[in-house]
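Report on one structure; see the data block that follows.
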Amino acid sequence: DTEVTQTPKHLVMGMTNKKSLKCEQHMGHRAMYWYKQKAKKPPELMFVYSYEKLSINESVPSRFSPECPNSSLLNLHLHALQPEDSALYLCASSPRGNGELFFGEGSRLTVL
Amino acid sequence: DAKTTQPPSMDCAEGRAANLPCNHSTISGNEYVYWYRQIHSQGPQYIIHGLKNNETNEMASLIITEDRKSSTLILPHATLRDTAVYYCIVSPLNTGGFKTIFGAGTRLFVKA
């Protein structure tokens, strides 16, 4: 299995909702990442987990809450989001935590 | 901050070679050059990486200058499906730096 699977593919939520994005990989990779991508912009790093521990938080607002329950799973919990948080959220994994990344297809989030 | 600079866009005729340049003048001795591409609304896809020697795989060739301050990704026979944004990234290979940052990338248009 060489895939990073993200669910859901599309999510629409209101500003008062609580929702979660899910990412799964079964390649035994040590590092997992969340990126946010706005239209016509490059992916922007949000969080990095290494061996299930949060190693990087790029000053992301607390309305985004990551969680790594085990080495294969990465969640991003969303609460009280703003319309400007609407974007494509990309999950990636890396065998060595370097530039070799395997990306999922992304979850497209719309906040109303 | 991204450590690479790339032209914002390039055109290429179908069937011709596409040569995408990248400047990474502050690259460190332990940093590799990685290339990714992102087709519209999909997750970025790894293409190739290298340290100082030229590299080739089934997708592309990577030419790195002797001083390692710049590189060129070559798609030998571009097809319409190669229309995408191409990202050049520098990152350590083995030290697990984790902070893989994307620059603005080059938007390649392959025209029939």
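So you know, we letter chains A, B, ... as the sequences are listed, proteins then strands, and number each from 1. Remember, it's a predicted structure, so these values are computed and weren't measured experimentally.
Interface residue A/Gln37: only side-chain heavy atoms are found under 4.5 Å from chain B. Contacts of A/Glu58 with chain B are made by side-chain atoms alone, with heavy-atom separations under 4.5 Å and no backbone atom involved. Of the atoms belonging to A/Lys41, it is backbone heavy atoms, and not side-chain ones, that fall under 4.5 Å from chain B. Contacts of B/Gln38 with chain A are made by side-chain atoms alone, with heavy-atom separations under 4.5 Å and no backbone atom involved.
Although no hydrogens or angles enter the test, the distance criterion places a donor-acceptor pair under 3.5 Å between the side chain of B/Tyr36 and the main chain of A/Leu101. Formation of a donor-acceptor pair under 3.5 Å by the B/Thr100 side chain with backbone atoms of A/Glu100 is not found in this model.
Residues B/Val33 and B/Ile89 are members of separate hydrophobic clusters, defined by side-chain heavy-atom contacts under 4.5 angstrom among Ile, Leu, Val, Met, Phe, Trp and Tyr. One hydrophobic cluster, built from ILVMFWY side chains closer than 4.5 Å, holds both B/Met59 and B/Leu20. At a threshold of 4.5 Å between side-chain heavy atoms, the hydrophobic network of Ile, Leu, Val, Met, Phe, Trp and Tyr places A/Leu88 and A/Leu76 in two separate groups. Tracing side-chain contacts under 4.5 Å through hydrophobic residues (I, L, V, M, F, W, Y), one never reaches A/Val4 starting from A/Tyr51; they form parts of separate clusters. B/Leu73 and B/Ile64 end up in the same hydrophobic cluster when Ile, Leu, Val, Met, Phe, Trp and Tyr side chains are linked at under 4.5 Å.
A/Leu90 is not listed as a side-chain neighbour of B/Gln42, based on a closest heavy-atom distance of 4.5 Å or more. Between B/Tyr87 and A/Pro43, some side-chain heavy-atom pair lies under the 4.5 Å cut-off. Contact of the A/Phe103 side chain with the B/Tyr46 side chain is not registered, since no non-hydrogen atoms from C-beta on lie closer than 4.5 Å.
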Quiz item: B/Phe102 and A/Leu45: side chain to side chain contact (heavy atoms under 4.5 Å, CB included), yes or no, with the steps?
Solution: CA-CA 8 Å; B/Phe102 285 76; A/Leu45 184 63; over 6 Å; no
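Within the model, atoms OH of B/Tyr34 and CG of A/Asn98 stand 3.5 Å from one another, a figure rounded to the nearest 0.5 Å. Of the inter-residue distances, the one linking B/Gln45 atom CD with A/Glu105 atom CD reads 9.5 Å to the nearest 0.5 angstrom.
Applying the 6.0 Å contact sphere to NZ of B/Lys111 captures no more than 12 heavy atoms from other residues, nucleotides or ligands. The local environment of CZ in A/Arg63 is crowded, with over 12 non-hydrogen atoms from other residues, nucleotides or ligands closer than 6.0 Å.
Counting heavy-atom pairs closer than 4.5 Å to chain B, the top-ranked of the candidates A/Ala92, A/Ser94, A/Gly106, A/Ser50 is A/Ser50.
In terms of heavy-atom proximity, A/Pro42 sits nearest to B/Ala104 at CG-CA, 4.1 Å. In this structure, A/Arg108 and B/Ser41 approach most closely via the heavy-atom pair NH2-OG, 3.7 Å.
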